[in-house]
Amino acid sequence: MDWGTELWDQFDVIERHTQWGLDLLDRYVKFVKERTEVEQAYAKQLRSLVKKYLPKRPAKDDPESKFSQQQSFLQILQEVNDFAGQRELVAENLSVRVCLELTKYSQEMKQERKMHFQEGRRAQQQLESGFKQLENSKRKFERDCREAEKAAQTAERLDQDINATKADVEKAKQQAHLRSHMAEESKNEYAAQLQRFNRDQAHFYFSQMPQIFDKLQNMDERRATHLGAGYGLLSEAELQVVPIIAKCLEGMKVAAAAVDAKNDSQVLIELHKSGFARPSDVEFEDFSQPMNRAPSDSSLGTPSDGRPELRGPARSRAKRWPFGKKNKPPDPPPSPLGGSLPSALPNGPPSPRSGLDPLAILSEISKSVKPRLASFRSLRGSRGTVVTEDFSHLPPEQQRKRLQQQLEDRNRELQKEVDQREALKKMKDVYEKTPQMGDPASLEPRITETLNNIERLKLEVQKYEAWLAEAESRVLSNRGDSLSRHTRPPDPPASAPPDSSSSSNSGSQDNKESSEEPPLEEGQDTPIYTEFDEDFEEEPASPIGHCVAIYHFEGSSEGTISMAEGEDLSLMEEDKGDGWTRVRRKQGGEGYVPTSYLRVTLN
């Protein structure tokens, strides 16, 4: 079925339908163009959004980029950016393959439709012109017939009239004959015109117009086919980017699964670990001892001004500020053989046996020591910190990391300069063997410069290695001090040091010392530093932990034991607050060593 056969008389309907088809094509092109603008605006907004939330600093300078949460967020931003790129690709494909092609095809269809309808209208005009000629010939034939009939009647009437002359009769007969001849010619012309019109009309309705309608039908079907293909391109453009978009979504899913809370906690530790040791326990300051002793019986030897006489140098105050310039390992403890204490005892514990009265020492300590509690506010440091080349303004752990980084950078630069020097030497050898390739002397300045750079970098490497070794020793020292200190409530420092001698000797000595003390006044509590007659606890059958010696110690006094740096020891008894810990060596033998010299781990 075709339009030429079935719609032979629907010229106007076909004209309206083809025009509607072209309008629909233009509407779809306009829709796709606006859809393209929407996709481009969407992609642009996505890219602006990604740019807004991307970090301003490069990743190497941003410490937050080390966290898995930040890395996952950046990965999601990258995937969203790639997703925006796919939306731009969709917009580009729709613009090129749909808008441009369909717009061009629509123009071609409009030209073709216009040509076909012009041809049809010319055929209609020719048929109408033939019909007008037929009508004219028909009217002329009708008019000539009436005039011929009228002339014949006039001639017959004159022939019967007795009064008419013969000349009038003859004239009337000739006129009637002329009219009859003219009517016959008009009849023949009308017949010929009618035959011609019928032939043209048949050609118009059975051949010419059906062909034009078939051409319009073919054009409209091709337009509909292209429009359907354009519909398909809309979905095809989406399907082309579906795999990439799926990868983007899968990347977002992988980024979400990559968040590692434990690792982020560890990264935070690595980034901000200072390496300082925790502040030591605040020592008890006993202000009641001078009041509890009579001036005449006091073993402290109080002078006339009422202040106790200093029988030994005061114990130096432990530094509680963690951001000191240098953290040196603690000095070895004093000799426990008795006698006067050394003049400098900054970090070592008291001797296990001392010839001085413990109360006198503690009283002097209470007067000379003014502890200062470290707060989190003070640990943050000052804003006006001066940056130094050895990074000593940083905490020990951060200083070690920065020095390690600088050392690695210097080693890379040094290796680069060494490689360049080797290359220049090889080039110089080639120039010497083949002078036409170049002048060997032209390479001397560059070789000299490279050698100077190598020497400079070697000096810097040595400098940073020395700083790094010092920083690592500080970190190790602070780490040992921190690990050897356990979490417990601070007890008053017991002045009775541990001793390996028999309990009877210790008890007699302690009783002798305690007997020299004056009686206490009523209403006063017993001083907490007068319990010197208690025996040591029995040794546990098995170790309660293990420890590692941080520093070398010579156990030359009674009750102590020697240990080497790095030696593994068994922990037999914890520090009772006097700064000494009882340990057992693997080779055998037990004794006391300074607690600050150990890194302790309890079972």
Side-chain angles (χ1 to χ4, degrees), residues 58-63 65-66 266-278 319 321-332 346-347 379 381-382 384-426 446-484 547-554 563-568 594 596-599:
K60 62 179 182 179
D61 298 334
D62 189 7
S65 62
K66 299 182 182 298
Q266 188 64 29
V267 169
L268 182 64
I269 293 174
E270 295 295 331
L271 286 177
H272 301 287
K273 180 180 179 182
S274 65
F276 288 121
R278 293 180 179 87
K319 188 172 185 179
W321 177 251
F323 294 137
K325 292 185 178 180
K326 302 294 180 181
N327 286 338
K328 297 182 179 179
D331 296 333
N347 294 314
L379 294 178
S382 174
T385 304
V386 179
V387 179
T388 57
E389 187 180 3
D390 60 349
F391 303 105
S392 59
H393 63 285
L394 297 176
E397 187 69 22
Q398 302 301 321
Q399 179 190 13
R400 183 186 65 81
K401 293 180 180 179
R402 293 295 296 273
L403 289 173
Q404 183 68 33
Q405 181 182 359
Q406 292 293 329
L407 183 59
E408 293 175 357
D409 294 342
R410 296 302 187 278
N411 285 328
R412 282 195 295 269
E413 293 179 6
L414 179 59
Q415 185 61 37
K416 182 178 178 181
E417 293 293 336
V418 170
D419 295 340
Q420 185 176 2
R421 182 189 63 182
E422 296 298 330
L424 290 173
K425 286 183 177 180
K426 292 181 180 180
R446 297 179 59 186
I447 294 176
T448 304
E449 181 182 359
T450 304
L451 291 176
N452 293 334
N453 292 336
I454 291 175
E455 293 298 327
R456 176 180 56 82
L457 291 173
K458 284 182 178 179
L459 294 176
E460 292 185 2
V461 167
Q462 294 176 0
K463 178 175 62 176
Y464 280 106
E465 285 178 348
W467 287 342
L468 180 61
E470 183 179 357
E472 289 178 346
S473 65
R474 290 179 58 194
V475 171
L476 182 61
S477 173
N478 293 332
R479 187 178 304 170
D481 292 343
S482 178
L483 291 176
S484 63
C547 49
V548 179
I550 304 176
Y551 307 106
H552 175 76
F553 174 68
E554 288 291 343
M563 63 179 180
E565 182 179 356
E567 181 179 357
D568 293 331
S596 60
Y597 280 37
L598 298 175
R599 183 184 305 133

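In this chain, numbering begins with 1 at the start of the sequence shown.
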Look up atom [atom1] in [X] and atom [atom2] in [Y], then write down how far apart they are to the nearest 0.5 Å.
| X | Y | atom1 | atom2 | value |
| --- | --- | --- | --- | --- |
| Arg421 | Ile454 | CZ | CD1 | 4.0 Å |
| Leu407 | Asn411 | CG | CG | 4.5 Å |
| Leu271 | Gln266 | CG | CD | 10.5 Å |
| Glu567 | Glu565 | CD | CD | 11.5 Å |
| Ile447 | Gln420 | CD1 | CD | 10.0 Å |

Query raised in the report: Does Glu417 have any side chain to side chain donor-acceptor pair (under 3.5 Å) partners at least two apart in sequence or in another chain, and if so, which?
Result: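 Per chain and number, Glu417 pairs via side chain to side chain donor-acceptor pair (under 3.5 Å) with no residue.
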Requested in this report: Taking all heavy atoms of Tyr551 and all of Ser596, pick out the closest pair and write down the distance.
Outcome: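 Shortest heavy-atom separation between Tyr551 and Ser596 comes out as CE1-O, 4.3 Å.
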Requested in this report: Grab the two heavy atoms, one from Ala564 and one from His552, that are nearest each other, plus how far apart they are.
Outcome: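 Nearest pair, atom of Ala564 first, then His552: CA-ND1, 3.7 Å.
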Query raised in the report: Will you find, in the side chains of Gln415 and Asp419, an N or O donor that is under 3.5 Å from an N or O acceptor?
Result: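 Yes, side-chain donor-acceptor contact under 3.5 Å.
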Query - Contact check, side chains of Asn453 and Glu449, non-hydrogen atoms, under 4.5 Å - result: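 Of all side-chain heavy-atom pairs linking Glu449 with Asn453, at least one is under 4.5 Å.
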Report task. Indicate yes or no: at least one non-hydrogen side-chain atom of Met563 is less than 4.5 angstrom from one of Leu598. Result ->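 A side-chain contact under 4.5 Å exists here.
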Only distances under 3.5 Å count here; give the side-chain donor-acceptor pairs of residues 458-469 to other protein atoms, sequence neighbours excluded, each with its distance to 0.1 Å.
from   : atom 1 : to     : atom 2 : distance (Å)
Glu460 : OE1    : Arg410 : NE     : 2.6
Glu460 : OE2    : Arg456 : NH1    : 3.4
Lys463 : NZ     : Glu389 : OE2    : 2.6

